[in-house]
2 protein chains.
Amino acid sequence: MAEKITIYDISNKLNISAATVSRALNNNPKISLKTKELVLKTAAEMNYKQNRLAQALKSGKTNNVGVIVPYINRSFFSSVIRGIEEELSPHGYHVIICQTHEDVHNEIEQINTLLNTQIDGIFMSVAKTTQDTKHIEKVVKENTPLIFFDRKKNIDGISSVVIDDFKGGYLATEHLIKQGCKKIAHFSGDLNLEIYRNRHEGYLAAMKDYDVTAIPKFSMQVNSKIESGSTAINDLWNLSEQPDAIFSASDYAALGAIQELKRKGIKVPEEVGVVGFSNEPFTKYMELPITSVDQTPVEMGRNAAKVFLEQIEGSKTLSIEKKVVLTPKLNIRESSNRELIKKLLVSKE
Amino acid sequence: MAEKITIYDISNKLNISAATVSRALNNNPKISLKTKELVLKTAAEMNYKQNRLAQALKSGKTNNVGVIVPYINRSFFSSVIRGIEEELSPHGYHVIICQTHEDVHNEIEQINTLLNTQIDGIFMSVAKTTQDTKHIEKVVKENTPLIFFDRKKNIDGISSVVIDDFKGGYLATEHLIKQGCKKIAHFSGDLNLEIYRNRHEGYLAAMKDYDVTAIPKFSMQVNSKIESGSTAINDLWNLSEQPDAIFSASDYAALGAIQELKRKGIKVPEEVGVVGFSNEPFTKYMELPITSVDQTPVEMGRNAAKVFLEQIEGSKTLSIEKKVVLTPKLNIRESSNRELIKKLLVSKE
DNA sequence: ATAACAGTTGTAATCGATTGCACTAAAGTA
DNA sequence: TACTTTAGTGCAATCGATTACAACTGTTAT
């Protein structure tokens, strides 16, 4: 049923040209007020809806943007996407999502099909396996705005929105030091990713600033998995000396560590304080809530969207790359809070 | 730089018509093999990329689908979207995401802009506040395939993919009964949503089947929040008699209940067994992992996508509505597992 | 009275790909 | 030889909206 109404239908009905209808609808100053009102009224009556495909073909602008992430159902990524959607939706943009499954080949594929669909911009967090960046540079060459969030690559002309991972690492470590911890271990992630390198450096910097010796063996590469956290604890407890705190760059590894420590009968946070990273939803639900560095993902998405909007508004003129760095927020919870434990003990007496 | 190559560029270079190029690229049988090969080769050399907008305008098919959910960063919804994306991506579709924030007005708005962008189909989970369904019926009238997942409305001609919430409620309750629980309370959700009504009925049916008395006061409407779960426990413990098990239609309320029971010094699962619903990621990470009914969201998404594909393949001919009902899976964990506790006690001796 | 001009509106090309119909040349048939 | 058939290709319209340029009307300046 519902036949699509076009500007031609309106122009026929009013015995005027389609050009006039188009101009009237676009509020072109050359059209008389009388005609404009008539067209607008008739369009409403006929329930006219602009064909956005035709418009897109003519203008080259689709009002669609693409977001490329490893997995859409990771809490962090879906929250960033939420931020992007909420910021762009009022501006008439639609958000297309793509997953790479952490595989560069998919990343390349997704970029190509997105470019082919003529999206107006791309937001992405690179896959862990991405080394070569030709496919990313191609986006810039095609003049499509590209914005990295969280996981970026250093490529000229590409804007990015990240958190200050160095600071995150620093804050976490500083907090543990202030809780009286002297031998802090660090569970790092895949060092191919800048974010993990930065967290590690933040850790080292805090140790240095507070004159706490950073034992090299205590810097370990641990996967973002519960079991990896447990294993890492076992590895540590096979060494000649053990840490009195863990700063894990992953909440999952932190959880695994806590579980393993409990199994060993080691008290958290009294004997070993633990801090994670990402503020995964589960961290605050635990019986022993886990201190964690919040990456403010929704804010990150919003900011990425804002950078995009600036870039296309300012368009050709000043399309300078913009690097936004958000400050992470340390959420202190029981897994590291010795003060709190002391208080609780006192109040129980 | 990178000028867009069109079929006209190819046709000029080869001194043939654009029509021939188009047909060659589409493998039209009327074109000679020689010409086809020549065109294909030249197209590859010139790095030709088909303009999907032009094609979409001509064919009326955009290869985009829209997904409307309350919030994209809820674990359940983002997992469904993942399933949809993974199933549709190989077929060349892109997934556009929209959020309603549980507000009908946004729902209406999103549907309108999606229809206007000429997506090829819509997947949606209705907002809690949705009562009137005119905006949804409009989609059907415009002949756009619509598929409900999880939260549906009963409207003729609309396919849906849901889990058997009745069975989920039944399984959870049956499990508690088999653990020896006699006085099982049920935390229901917003009864405006079919899913919560069904879970409740499953609970009642199991109670009846096993001759366990369902105390009316033990069926409570509890929000999907931790605090609501705690409050509900307090309400129950103000009654003359208390339950020995809780089947909560929400994992969050279940968690709140467990926390409150612990505060009261009541042992879970020994004194009160608890089962949640949704299998939120946190349920399995808890120190006391929570038994929960898994809704298999990724599978749900995949199935919804399959229904969509069937509908557009079979197109006009047999566009009969299809109702897919997936079987939920009960993940038994410690919060309800008395057998396990017994075993643990024995093994400790 | 006529040129000049502002204000409106129409004509037609354009964005790229697709496709019904027409046309050509070569092959087949009588 | 004359006519039909068929394979292969081109022409031009179409999808719907936009826009440079042309054209027309009525008004103002000279």
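Chain identifiers are assigned alphabetically (A, B, ...) following the order of the sequence lines, protein sequences preceding nucleic acid strands; residue numbering begins at 1 within each chain. Quantities reported herein were computed from a predicted structural model and do not represent experimental measurements.
I16(B) comes within 4.0 angstrom of the backbone, heavy atoms only, and of no base. The residue T6(A) sits close only to the backbone: its heavy atoms come under 4.0 Å of sugar-phosphate atoms, none of a base.
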Would you please test N51(B) and L57(A) for side-chain contact (heavy atoms from CB on, under 4.5 Å) and show each step?
CA-CA 9 Å; N51(B) 185 321; L57(A) 176 60; 4.2 Å; yes
Under the side-chain contact (heavy atoms from CB on, under 4.5 Å) criterion, do Q131(A) and V104(A) qualify, and how do the steps go?
CA-CA 8 Å; Q131(A) 296 276 7; V104(A) 215; over 6 Å; no
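Atom-to-atom, CG of N27(A) to P of dA17(D) comes out at 17 Å; the value is rounded to the nearest Å. Atom CD1 of I10(A) and atom C1' of dA17(D) are 12 Å apart (whole Å). The distance between atom CD1 of I31(B) and atom P of dG20(C), rounded to the nearest whole Å, is 14 Å. In this structure, N26(B) places its CG atom 10 Å from C1' of dT19(C), rounding to the nearest Å. Between K61(A) atom NZ and dA17(D) atom P the separation is 17 Å, expressed in whole Å. For the pair I7(B) CD1 and dC15(C) C1', the interatomic distance rounds to 12 Å; values are reported in whole Å. Rounded to a whole Å, the CG atom of L25(B) is 9 Å from the P atom of dA17(C). The separation between Y48(A) atom OH and dG16(D) atom P is 10 Å, rounded to whole Å.
Side-chain contact of D103(B) with H101(B): a donor-acceptor pair under 3.5 Å is absent, judged by distance alone. Residues H135(B) and T130(B) bring no donor and acceptor atom of their side chains to less than 3.5 Å of each other. There is a side-chain donor-acceptor pair under 3.5 Å between K138(A) and N112(A). Side-chain atoms of Q55(B) and S59(B) form no donor-acceptor pair, as typed in the model, at a separation below 3.5 Å.
Side-chain N/O atoms of T35(B) include none lying less than 4.0 angstrom from OP1 or OP2 on dG8(D). Between dT9(C) and S17(A), no contact under 4.0 Å exists linking OP1 or OP2 to a side-chain N or O. The side chain of S32(A) contributes no N or O atom lying less than 4.0 Å from OP1 or OP2 of dG7(C). For the OP1/OP2 pair of dT19(C) and a distance below 4.0 Å, the side-chain nitrogens and oxygens of N28(B) include no atom meeting the criterion. Look at T20(A) and you won't find any side-chain N or O under 4.0 angstrom from OP1 or OP2 of dT9(C).
A salt bridge links K41(B) with E45(B); the closest basic N to acidic carboxylate O contact falls under 4.0 Å. A salt bridge links E142(B) with K4(A): the closest approach of a Lys/Arg side-chain nitrogen to an acidic carboxylate oxygen falls below 4.0 angstrom. By the 4.0 Å N-to-carboxylate-O rule, E102(A) lies close enough to R74(A) to be salt-bridged with it.
Proximity of residues 50-59 of chain A to DNA chain D (heavy atom under 4.0 angstrom from any strand atom) is restricted to Q50(A), N51(A), A54(A), Q55(A), K58(A).
The 5' end of DNA chain C is approached more closely, in terms of each residue's nearest nucleotide, by N15(A) than by the other of Y8(A) and N15(A).
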I'd like a table of atom pairs between the protein and nucleotides 20-24 of chain D - only N or O on both sides, under 3.5 Å - with the distance next to each one.
{"unit_1": "dA20(D)", "atom_1": "N6", "unit_2": "R23(A)", "atom_2": "NH1", "d": "3.3"}

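Note on the helix from dA1(C)-dT30(D) to dA30(C)-dT1(D): terminal axis deviation equals 60°, with five pairs used at each end and the result rounded to 10°.
The side-chain heavy atoms of I136(B) and V140(B), taken from C-beta on, include no pair separated by under 4.5 Å. Between E85(A) and V67(A), every side-chain heavy-atom pair lies at or beyond the 4.5 Å cut-off.
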